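What follows is a short report on a single structure.
Here the structure is a predicted model, which is why all the values come from computation and not from measurement. Here is how names work: the chains are called A, B, and so on, in the same order as the sequence lines, proteins then strands, and each is numbered from 1.
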There are 2 protein chains.
Amino acid sequence: MSERKKRKPGETREKLMSAALTLVGKGRHFASLGIREVTRQAGVVPTSFYRHFRNMDDLGLQLVDELGLVLRRMMREARANVLQADKLIEESVGIFISHAQANRSFFLFMAQGLAGESRAIQDGIRSEMRYFASELANDLQRLKLVDHLCDGDLEMTCDLVVRSVAFSLTDLMGVSAEDEYQVEQIRKRTCRFLQLIFVGAAHWDNKHL
Amino acid sequence: MSERKKRKPGETREKLMSAALTLVGKGRHFASLGIREVTRQAGVVPTSFYRHFRNMDDLGLQLVDELGLVLRRMMREARANVLQADKLIEESVGIFISHAQANRSFFLFMAQGLAGESRAIQDGIRSEMRYFASELANDLQRLKLVDHLCDGDLEMTCDLVVRSVAFSLTDLMGVSAEDEYQVEQIRKRTCRFLQLIFVGAAHWDNKHL
DNA sequence: ACAAGTTGTGTACGACTGTACACATAGCTG
DNA sequence: CAGCTATGTGTACAGTCGTACACAACTTGT
């Protein structure tokens, strides 16, 4: 038998996951990826796949878990860098966009998964977004910026914020990362969206009925 | 050779398109559909496909065109039914949801296409959304509801509205059409999103800088 | 009515797919 | 050291894929 490469434990597993991400990054849709294709990209024999995943959906689910880590890292950085409240939106959107560029394939995978073909992956991503929104609500409450809102309305506002940012993600994934002009347009537009939402939140109570 | 069924002109073409939609409606992702699969669902021999489409992307593009018609029909109905401005949001969201249920597969296809693997389809759907937003801006201007906004800000507001509704579409596609409780939740939540946005728009000018 | 064009059918083929199985190697535990 | 388990390899096979080609049947224009 041909020689066996030395490997660290779990190396192939990672190679397979990042191979799938690479293919997604090249413009493929996750739902259209096949086992052989992924193993080929990973430089591994097809049957190795089954040592780590039951099928492609399983791999997708584990990618969602890793996506959670990426998002948490991003949140941590945002919390550390957003000190004064006046530039809160600009800073946060900037950090979001730079993370989205740095982990382009991951965020591409996330954007795809929202309307993907595996219900489990959909739910996973949706759950990450819900967590994100609730953390955002926590932060806003801590900063006392919107303390006139009841819990439900604060949650709704954060939900809308997260959705708007997620939709901007789709825009961002549609342009080349080097096209700085387009990226800047998306950044500005996203900021304006969030400003509009927060203006709405600031004047919300009288409309609450 | 076996007998040839009588057919109307363009019948197979329609059968192929609705076969693709049917498969999407069954939970498949458009990007993962194959020619053979679609022709099988349409009850047609594989090679017939090429009489009408160059490849699956081509079929997708033609679906986007049909999607445009569906959206325009929806807009027309909304304009006809929304007479008094006070229930504008509730009426519009209601009409949107009932159309989304009635053409579930179409809207599923739309939600998928936003982050799909064909750039052309992405652009097509994005362009439909832009058209939708600009028509909405027209209507709002005609109703004189937001005449304190400059053109750019009105356009941005409408864009955000359309995006929020489109995102709600993803929610809606995630629940069974018969689950009336969930659908009602989505309806209410979407209305609140739009109310929040319009409250923001009503108080926007002072923040405009 | 006949020629031309259009649309659907049947057959064919090479490439690719998922996955089963037996086997080899590495690392861990005793 | 022996043996066990986890992990990677190679081979194999039946099913599916996209698509090329020749042919049939219907539609249309003249």
| said: Side chains of A/L23 and A/F30, heavy atoms from C-beta outward: is any pair under 4.5 Å? | reply: no

| query | To the nearest angstrom, how far is B/R51 atom CZ from D/dG18 atom P? | reply | 18 Å

| request: Could you tell me whether the side chain of A/S18 and the main chain of A/L21 form a donor-acceptor pair under 3.5 Å? | output: no

| Can a salt bridge be assigned to the pair B/E184 and B/R187 using a cut-off of 4.0 Å between side-chain N and carboxylate O? | yes

| query | For A/L16 and D/dT7, what is the distance between atoms CG and P respectively, to the nearest whole Å? | reply | 12 Å

| request: Check the distance between D/dT9's C1' and A/K15's NZ and give it to me in whole angstrom. | output: 13 Å

| query | Under 4.0 Å between a side-chain N/O of A/H52 and OP1 or OP2 of D/dA6, yes or no? | reply | no

| request: Apply salt bridge (charged side-chain N to carboxylate O under 4.0 Å, His left out) to B/D171 and B/R189, showing your working. | output: CA-CA 11 Å; B/D171 300 334; B/R189 173 167 284 253; over 6 Å; no

| When you measure from the side chain of B/D159 to the backbone N and O of B/E155, does any donor-acceptor pair fall under 3.5 Å? | no

| said: Short of 4.0 Å, heavy atom to strand atom, which residues of residues 36-44 of chain A count as contacting DNA chain C? | reply: A/R36, A/R40

| task | Assess whether one donor atom and one acceptor atom, taken from the side chain of A/T47 and the base of D/dG10, lie less than 3.5 Å apart. | result | yes

| said: If we check side-chain hydrogen bond (donor to acceptor under 3.5 Å, both in side chains) with B/R72, which of these qualifies: B/E128, B/E135, B/E77? | reply: B/E128

| message | Nearest whole Å is fine: how far is C/dA22 P from A/Y50 OH? | response | 17 Å

| query | When the distance from CG of A/L33 to P of C/dC16 is rounded to whole Å, what number comes out? | reply | 16 Å

| task | Remember a base hit wins even if backbone is also touched, and classify A/F49 as base, sugar-phosphate or nothing at under 4.0 Å, heavy atoms. | result | nothing

| note | Ordered by number, residues from residues 53-65 of chain B within less than 4.0 Å of DNA chain C (heavy atoms) are none

| task | Kindly indicate whether the side chain of A/V38, heavy atoms from C-beta on, has any atom under 4.5 Å from the side chain of A/F53. | result | no

| request: Report the C-alpha separation of B/R192 and A/D153 in whole Å, then their side-chain angles, then the decisive distance to 0.1 Å, and conclude whether the salt bridge (charged side-chain N to carboxylate O under 4.0 Å, His left out) test is met. | output: CA-CA 9 Å; B/R192 289 214 294 167; A/D153 289 340; 2.7 Å; yes

| query | Which whole-number value in Å describes the distance from A/E11 CD to C/dA26 C1'? | reply | 13 Å

| query | If you measure only the distance, is there a donor-acceptor pair under 3.5 Å linking the side chains of B/R130 and B/S134? | reply | no

